[in-house]
Amino acid sequence: MMSTPASPVTPDTDRSTQPLAISMSGCGFLGAYHFGAMSCFIRHGTKMLQRVVRYSGCSAGSLVAALCALCPDKLPDGLNVLYRLADEVNAMPFGALTPGFAISEHLQAVVADFLPEDISSAKGRLYVSVTRQRDKTNILVSDFTGRDHLLLHLIASCYIPMYSVGAGGSPPLIDGEVYVDGAFSSNLPKFADIRTITISPFSGEAEISPRDTSFFTGTAFDWNMRFANQEMKVNMKNIWRGAHALFPPKRTALQTYYEMGFRDAMQFLINEGWSFGALSRRDALLSFSCSALALASIDAVVYAESPRSAVFL
């Protein structure tokens, strides 16, 4: 196994030539946010993507990272699978906790039908965050013996005991070791030797993330917490998002999370001054202004309904 420890980001000293990494956090069904962000990069940040040499991710973030690294043209297909899975979960009496339903088996469908047979290019390019169960150590895996070996690591990266396959399930056994969700040890992987662009649907330290504001913003009561190597804000919106990650809202809300990811990624590109492919900077700013107006009621859409089965949290 090739492993890389999580550590602070090294500053990018030459923005025009230095290679980049993209890291996507664990977030369950809020992976729709990652799909939105990466779709924005593919559409408007092509020159930036040419510098990206590594994709890393944890849990749902690892699924999107795998598609980006190996078959980016399949992102829309993977997103549609995620939407259908959310529809299926919401149609069951107890959601993902319905007896006999193993969400882990269904979640791998986000990538299983789309990954190429030859995944040799993943080595050194795709990094999957998993937690070794015996000592709770985080491992960033990038050396895969084949397609099935990669799928096992992706399943492990998403595996939450009791939730993924029910009370009687067992965590994935890979190369003689038991692995579980990377979120237990490093939910947002970073590299020490390369600038890492971080993406998360939870407001906090990630460069691309919702910018929550409240009466307490910037005061002593503007609290943050560190969870598995990721710093997040302590507020009701993040609590709501945490519930939506495990117990998905309706498809319309997930589609809004996608739009949030797209919007926040576009704001990042504007702030960084990176090219927008076919769009000029002026067009990009205009496009963002229009999308911001269109999403003005975003909170009303995403946070209007109580998370299904949230009583189990």
Side-chain angles (χ1 to χ4, degrees), residues 23-40 57-61 64 79 82-83 86 89-90 95-96 158 160 163 181 183-184 186-188 197-268 270-271 288-289 291-313:
S23 179
M24 290 170 266
S25 72
C27 57
F29 283 95
L30 302 195
Y33 184 93
H34 293 322
F35 277 104
M38 293 311 304
S39 295
C40 177
C58 175
S59 193
V64 182
L79 176 63
L82 182 68
Y83 286 156
V89 168
N90 282 324
C158 299
I160 302 175
Y163 174 83
D181 198 323
F184 291 113
S186 183
N187 196 53
L188 187 60
I197 298 169
T198 50
I199 307 174
S200 175
F202 298 100
S203 62
E205 68 171 348
E207 290 185 90
I208 299 172
S209 63
R211 299 302 176 208
D212 296 339
T213 58
S214 71
F215 179 78
F216 298 109
T217 301
T219 71
F221 298 99
D222 188 10
W223 295 335
N224 294 291
M225 62 171 285
R226 181 160 289 276
F227 170 74
N229 199 41
Q230 180 182 358
E231 187 172 297
M232 294 178 280
K233 288 189 174 296
V234 179
N235 59 35
M236 286 305 300
K237 288 182 180 179
N238 270 349
I239 293 173
W240 215 254
R241 291 167 187 140
H244 283 165
L246 297 178
F247 306 105
K250 294 178 181 178
R251 180 185 285 230
T252 51
L254 285 183
Q255 290 170 334
T256 304
Y257 276 115
Y258 171 92
E259 293 169 349
M260 289 171 64
F262 193 103
R263 177 199 63 179
D264 292 342
M266 182 173 284
Q267 181 67 74
F268 171 80
I270 292 172
N271 292 344
F288 176 76
S289 298
S291 67
L293 290 172
L295 296 173
S297 60
I298 204 165
D299 286 357
V301 175
V302 172
Y303 309 114
E305 63 171 296
S306 298
R308 185 178 178 84
S309 303
V311 68
F312 295 106
L313 286 177

(request) Compare every heavy atom of P248 with every heavy atom of A86, then report the nearest pair and how far apart it is. (result) CB-CB, 3.9 Å

(message) Using every non-hydrogen atom in the two residues, find where C27 and F202 come nearest and quote the distance to one decimal.
(response) CB-CE1, 3.9 Å

(request) I would like to know whether S209 and E207 meet side chain to side chain contact (heavy atoms under 4.5 Å, CB included); could you show each step before the answer? (result) CA-CA 6 Å; S209 63; E207 290 185 90; over 6 Å; no

For the atom pair [atom1] ([X]) and [atom2] ([Y]), what is the distance rounded to the nearest 0.5 Å?
X	Y	atom1	atom2	value
H244	L254	NE2	CG	8.5 Å
L246	Y163	CG	OH	5.0 Å
R251	Y258	CZ	OH	13.5 Å
L188	S59	CG	OG	12.5 Å
I199	F268	CD1	CZ	8.0 Å
N235	R241	CG	CZ	6.5 Å

Report yes if the side chains of [X] and [Y] come closer than 4.5 Å at any heavy-atom pair, otherwise no.
X	Y	value
T198	E205	no
M260	P201	no
P249	N90	no

(request) Check whether any side-chain N or O of H34 sits under 3.5 Å from a backbone N or O of S25 as a donor-acceptor pair, and report yes or no. (result) yes

(request) Look at the side chain of N238 and the backbone N and O of S203, then say whether any donor-acceptor pair between them is shorter than 3.5 Å. (result) yes

(request) Just do the side chain to side chain contact (heavy atoms under 4.5 Å, CB included) check on M24 and M38 with the steps written out, would you? (result) CA-CA 10 Å; M24 290 170 266; M38 293 311 304; 3.9 Å; yes

